[in-house]
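Side chains are part of it too, since the values below use all heavy atoms of this structure and drop only hydrogens, waters and symmetry mates.
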Amino acid sequence: MGLLTPFDPAARVELADVAAQLAGCTLECDDDRIPRLRLELDDGGAVHVTTRREPDGVCLVTSTIDLQGAMLRVLPRQREVDGTPAKVAAALDEGDVQIACDDPALAEAWIDAPTRDALPACLWVTAGPLRRTLIDGARIGVGDGEVLMAPVASNPAHLAAVIEIGVLLASRPARLGAELAAVAAALGGAVTAAAFDLGERFAMRFERDAASVTADFIRRMPDEPAKHARLRTRIRAPTSIDAATLARRLAAAAAAVRDLGAPPIALAGGDVALVLDGLVGSRERLAPAIGLVARLAEPAAVRADGPYR
């Protein structure tokens, strides 16, 4: 691909050319004296991009959160088209890039507007035979706690564009965490961490009367086969009620359950747990789900005169 390995001193020169194309980017070395790019983010954080030798060539790499076995790929729609390279390049849009993921809900949550708008910049056009133009582009993968970027040209501007997209993908947890923090605050709650994560580190927490409700985001339920993994929103609250009491309360709240799409609701590890498919991050969907779980989880004494008796 034309990108030198970081172990070659000449890589400093090429990475410096790339750094010059990126705002807020500096060339530095890590503790092992390996060159890397440092890109400043709008939220005050920073992302580091290094190079790594892969079987197919040298790629650019940066870290992100673990997607718990999922893999998201950004791929060019390779083809030949009529027209000059200049005209073809000017007409490229997000439809010329395809998103492949084994978890569509995760891909929908990950590819936000800034990333989607930037995607065409990873494409690369060259003159082909018979006055046709070849459309190709970088391959970018998100998974296993990193973003792996494979450019198709050593052109510094192309490399910079690919890095910008890779950084947008890698930093999505920070933007998503900020979005969910605003939703939690609007509903009277708070988040447990600044950046989104899959699992229990990042959660939204709410106090509702006698119940403490937590909403977090997972791909696998306990003891669930890996083939069933998919992004879900889990809303739960500790409870002292038993299964029979929950069943009676669910029957009394049947209309509210139907309004939420009849999601699975059960006792799990001492919690009343409601599980919704995908990433549920809107106030309109979260508010009734939180309220329902809070009511279902209330101690029996609280509802002694109510419909859950």
Would you mind checking if [Y] and [X] are paired as a salt bridge, meaning a charged N to carboxylate O distance below 4.0 Å?
X    : Y    : answer
D216 : R236 : yes
R131 : D82  : no
R175 : D43  : no

[X] atom [atom1]: more than 12 heavy-atom contacts under 6.0 Å:
X    : atom1 : result
Q98  : CD    : yes
R205 : CZ    : no
R283 : CZ    : no

So, the side chain of [X] versus the backbone of [Y]: is there a donor-acceptor pair under 3.5 Å, distance only?
X    : Y    : answer
S171 : A174 : no
T233 : F217 : no
D103 : A70  : no
D117 : P114 : no
R36  : E28  : no
R220 : E224 : yes
D32  : I34  : no

Given side chains that start at C-beta, do those of [X] and [Y] come closer than 4.5 Å, heavy atoms only?
X    : Y    : value
V61  : V147 : no
L279 : L176 : yes
I235 : L276 : yes
V167 : L41  : yes
I99  : V74  : yes
T62  : M149 : yes
T192 : M204 : no
M221 : H228 : no

So E179 and R172, salt bridge (Lys or Arg N to Asp or Glu O under 4.0 Å) or not? Walk me through it. CA-CA 11 Å; E179 293 167 14; R172 176 57 176 150; 3.0 Å; yes
Nearest 0.5 angstrom please: [X] [atom1] to [Y] [atom2], how far?
X    : Y    : atom1 : atom2 : result
L119 : I111 : CG    : CD1   : 6.0 Å
D242 : L267 : CG    : CG    : 8.0 Å
D144 : T64  : CG    : OG1   : 11.5 Å
C101 : L67  : SG    : CG    : 7.5 Å
R79  : L134 : CZ    : CG    : 11.0 Å
I140 : C59  : CD1   : SG    : 10.5 Å

For the residue pair E146 / S63, report whether a side-chain donor-acceptor contact shorter than 3.5 Å exists.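 Note: S63 and E146 side chains miss the donor-acceptor criterion.
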Verify the distance criterion only: is there a donor paired with an acceptor across the side chains of T245 and R248 at less than 3.5 Å?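 There is such a pair (donor and acceptor under 3.5 Å, judged by atom type) between the side chains of T245 and R248.
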Side-chain heavy atoms nearer than 4.5 Å, only ILVMFWY residues, links allowed to pass through others: does that put [X] and [Y] together?
X    : Y    : result
M71  : L75  : no
L180 : I218 : no
L260 : L286 : yes

Which label fits F196 and W110: parallel for a plane angle under 30°, tilted from 30 to 60°, or perpendicular past 60°?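 F196 vs W110 ring planes: perpendicular.
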Mind listing the closest non-hydrogen atom pair of [X] and [Y] along with its distance?
X    : Y    : result
H158 : L123 : ND1-O, 4.2 Å
A160 : L22  : O-CD2, 3.5 Å
E40  : A46  : OE1-CB, 4.1 Å
I241 : E298 : CG2-O, 3.5 Å
G278 : A105 : CA-CB, 3.9 Å
V213 : A294 : CG2-CB, 3.9 Å

Please walk me through it: do D102 and R230 pass salt bridge (Lys or Arg N to Asp or Glu O under 4.0 Å)? CA-CA 8 Å; D102 46 8; R230 64 191 187 280; over 6 Å; no
